[in-house]
Protein chains: 2
Amino acid sequence: MLKNSEFIDKLRSSGLRPTKQRLKICEVLFNRDKTFHFTINDLAKIISAKLNEKISLATIYNTVHAFKNKGYLKEISINSDKSYFDTNITNHHHFFDEDTNQLIDCNKGDIETINIKNNITGKKINSVEVLIKVASDNQNQK
Amino acid sequence: MLKNSEFIDKLRSSGLRPTKQRLKICEVLFNRDKTFHFTINDLAKIISAKLNEKISLATIYNTVHAFKNKGYLKEISINSDKSYFDTNITNHHHFFDEDTNQLIDCNKGDIETINIKNNITGKKINSVEVLIKVASDNQNQK
DNA sequence: ACATATATTATAATTATTCTAAACTATTGA
DNA sequence: TCAATAGTTTAGAATAATTATAATATATGT
Ligand SMILES: [Mn+2]
Ligand SMILES: [Mn+2]
Ligand SMILES: [Zn+2]
Ligand SMILES: [Zn+2]
């Protein structure tokens, strides 16, 4: 459970002014035990359910992108409908449950380190991500 | 170089009527030596550049989705802007060149087989895909 | 408190994609 | 052969996620 003043320091230290809106969003995103995977719409719903004041959708987009640019969030590509964001900014892989549309972190041990033997000439590797799509075992396909 | 009659058979065998539009799209997509990675917009541009008659955008969407559902194309998630499609329907992984926005197939040998040690209980694995994002080596970040 | 840079907001614009419903076409079988 | 039918194409409208605009509000340094 981080305190408000800790979020203020965090924001200031990355050149972001600690506004009321950003602090609320920090609370929602970072006062958690576990990784939080969310879409902008998920976040907007949580905010409007929990808060007395409301935050405009534009601000939610702006803030999430600012946090991503500062390295406090990662963006995950699952499908082309919408963006997913992730409070776990370490290198890690995902399960995606196609029944529930939930992203789940792979733990170290779920999957071995990926070893890239040949890279494209003249390019450097920025990220390596594995996405494992899963669905109900006992069911027929659509 | 497949013949028109081969595409007709392929379409008929999967319950798709071999229309003029579908056959043209088959030619563009499948008369190639190498894997073709494309967006709907890429395909629409190629069609309108190469063809005398034009195919409506709705038909291009319909056809690409029909081919995907029949297993003749795969859809690849890179970012949330748009969908990428792939004429290589085998299990394989990708490099994504962030400088050019090009998808490139990993060859067997570029990367070891991914071994999933722990799966989510009660779920079956539908796909495992690795995406390696690369960019220029000798350049500063944006 | 003042000046300035930044941030928030409502709203409009953009883009990819899907939907609709009318016109068209491939297939089937009488 | 040809009408009936089911499937397909199409233009255009609708939807949904995201980004842009520009006016208002706020945070910060002096
Ligand atoms: Mn994006
Ligand atoms: Mn979209
Ligand atoms: Zn994660
Ligand atoms: Zn590929």
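By convention in this document, chain letters (A, B, ...) are assigned in the order of the sequence lines, proteins followed by strands, and residues within each chain are numbered from 1. Here the structure is a predicted model, which is why all the values come from computation and not from measurement. Just so you know, these numbers use all the heavy atoms, side chains as well, and skip hydrogens, waters and symmetry mates.
Remark: A:H65 is in phosphate contact with D:dT19, judged by side-chain N or O atoms under 4.0 Å from OP1 or OP2. Distances shown here put every side-chain N or O of B:R12 at or beyond 4.0 Å from the OP1 or OP2 atom of C:dA26.
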* To do: Using a 4.0 Å heavy-atom cut-off, write out nucleotides 2-11 of chain D from 5' to 3' as B (base contacted by protein), S (sugar-phosphate only) or - (no contact).
  => ----BSSBBB
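With rounding to whole Å, A:K45 atom NZ is found 14 Å from D:dA17 atom C1'. The CD1-C1' distance, from A:I76 to D:dA17, rounds to 18 Å in whole Å. Distance CG (A:D81) to P (C:dT15): 19 Å, rounded to an integer number of Å. Regarding B:K82, its NZ atom lies at a distance of 14 Å from the P atom of D:dT18, rounded to whole Å. Atom CZ of A:F7 and atom P of D:dA27 are 18 Å apart (whole Å). Distance, A:I47 CD1 to C:dT8 P: 11 Å, rounded to whole Å. At whole-Å resolution of the value, CG in B:L23 and P in C:dT25 are 15 Å apart. In this structure, B:Y61 atom OH and D:dT15 atom C1' are separated by 13 Å, rounded to whole Å.
Across the helix from C:dA1-D:dT30 to C:dA30-D:dT1, the helix axis at one end is tilted relative to the axis at the other end by 20° (nearest 10 degrees, each axis from five pairs).
By the 4.0 Å N-to-carboxylate-O rule, B:K74 lies close enough to B:E129 to be salt-bridged with it. Under the 4.0 Å criterion applied to side-chain N and carboxylate O atoms, B:D99 and A:K123 are assigned as salt-bridge partners.
Residue B:T39 is classed as having no contact, given no heavy-atom separation below 4.0 Å to the nucleic acid.
Evaluation of the side-chain hydrogen bond (donor to acceptor under 3.5 Å, both in side chains) test over residues 59-68 of chain B, restricted to residues two or more places apart or in two chains, returns B:S56-B:T59, B:K68-B:E75.
Taking the six-membered ring where the residue is Trp, B:F67 and B:Y72 present perpendicular rings, their angle passing 60° and hence far from 30°.
Under the 3.5 Å distance criterion, with hydrogens and angles disregarded, a donor-acceptor pair is assigned to the side chains of B:H37 and B:D105.
A:T39 places no side-chain N or O within donor-acceptor distance of the main-chain N or O of A:S83, the cut-off being under 3.5 Å. Although no hydrogens or angles enter the test, the distance criterion places a donor-acceptor pair under 3.5 Å between the side chain of B:R22 and the main chain of B:R17. Side-chain atoms of B:D86 come within 3.5 Å of backbone N or O of B:N88 as a donor-acceptor pair.
Nearest heavy-atom pair, B:H92 versus B:C106, reported as atom, atom and distance to 0.1 Å: CB-O, 4.4 Å.
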